[in-house]
Amino acid sequence: MKKIVVFTSGGDSPGMNACIRAVVRTALYHKMEVMAITHGYEGMINDEFTHLNQKSVANIIQRGGTILKTARSARFRTLEGMLKAKENIEKYGIEGAVVIGGDGSFTGALEFSKICSIPFVGCPGTIDNDLIGTDFTIGYDTAINTVIDAVDKIRDTAESHDRVFIVEVMGRDAGLIALRSGIGAGAEAIMIPESKNDLENLLKRLEKGRKDKASKIIIVAEGDESGGAYNVSKIVKERFPAYDVRVSILGHIQRGGSPSCMERVNASRMGYSAVEALIAGQKNVMVGIVDKEICYTPFEKAIKHIDELNPDLLKMMEILAL
Ligand code: F6P
């Protein structure tokens, strides 16, 4: 393989730059030509291809976001869009691609492979950690540390005012950010899409819980069936008029910031291994790290959402929050 391309796609996540850097430098080490596409699949259609060298990726390992920019492309879901993208891939003589993104990005690669034969290898770039085949996606560790940093601050003011805070975190389809950051921040309750009857359970827990607790933190994943933090707060206020309830929606701060050390190391290993996989002839697989070891999972499997969370973690959280 003589020429590859790298791009980021879908929601950005801290650590994507470290991964891009690893892909570029590994490919150059193997004497390959490396191109980049800006704005993901949208840029593939719009012919946003550029050449990269060692220097193009200097001084980026510590930066959040993605230097290659990213997008969610509706046009790439059409045959017309994919044919245009194929034309550009062929124009530049691209022989392999590394896509850094989440489930939508890998689904796009799978669809594209029906009309374009170049191999794609994926690196899991999403703060949601909702891909099968890796313990941690690129961005998750930094995002959960951002959340606990914010919740620690909220706890200070909650405790001073004897307040209940409903904190909404990201996770449209997955509660892994809420679960891990909730445990790390010592939340009183966690509400996630994977567990049902969260609202009922929350009300029961508030009813039976210790009355001498000055503050309470409830973490709600944005995709929880309860309808989000404002809805939860309304219901809690109605049921417990004595509670002084406030809402805090953390939003996109969870997607930004300098990646943690673990993130940089994982992203570097994955980017490096993605190029090694292309050289070894792998196709349509996602690189991941499971039990500290690099592994490869077919895209079809990686994109299946994790619906079952470790029940022990949920139980432990409830016991520790008593
Ligand atoms: O990156 C994943 C994610 O953070 C989801 O948890 C969230 O729902 C979504 O992206 C929001 O992304 P955007 O604002 O870019 O549409």
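For ligands, and for the atoms within them, numbers begin at 1 and follow the listed sequence.
- Among residues at least two apart or in separate chains, salt bridge (charged side-chain N to carboxylate O under 4.0 Å, His left out) pairs with a member in residues 108-132 are Glu111-Lys114.
- In terms of protein heavy-atom proximity, atom 2 (C) of ligand 1 is closest to Asp128 OD2, 3.1 Å.
- Remark: distances from the non-hydrogen atoms of Arg72 to ligand 1 include one below 4.0 Å.
- Using a 4.0 Å cut-off between heavy atoms, Ile127 contacts ligand 1 through its side chain alone, with no backbone atom that close.
- With contacts defined as side-chain heavy-atom distances shorter than 4.5 Å, the pair Met44/Val5 does not qualify.
- Partners of Phe76 according to the ring pair (Phe, Tyr, Trp, His ring centres under 6.0 Å) rule, which considers only residues two or more places apart in sequence or in another chain, are Tyr41, Phe112.
- Screening Asp149, Ile148, Val147, Thr142 for a side chain to side chain contact (heavy atoms under 4.5 Å, CB included) involving Asn145 leaves a single residue, Ile148.
- We find the OG1-CG distance between Thr66 and Asn17 to be 5.5 Å, quoted to the nearest 0.5 Å.
- Scanning the protein heavy atoms around atom 4 (O) of ligand 1, the nearest turns out to be Met170 SD, 3.1 Å.
- When the heavy atoms of Arg255, His252, Glu222 are ranked by distance to atom 15 (O) of ligand 1, first place goes to Arg255.
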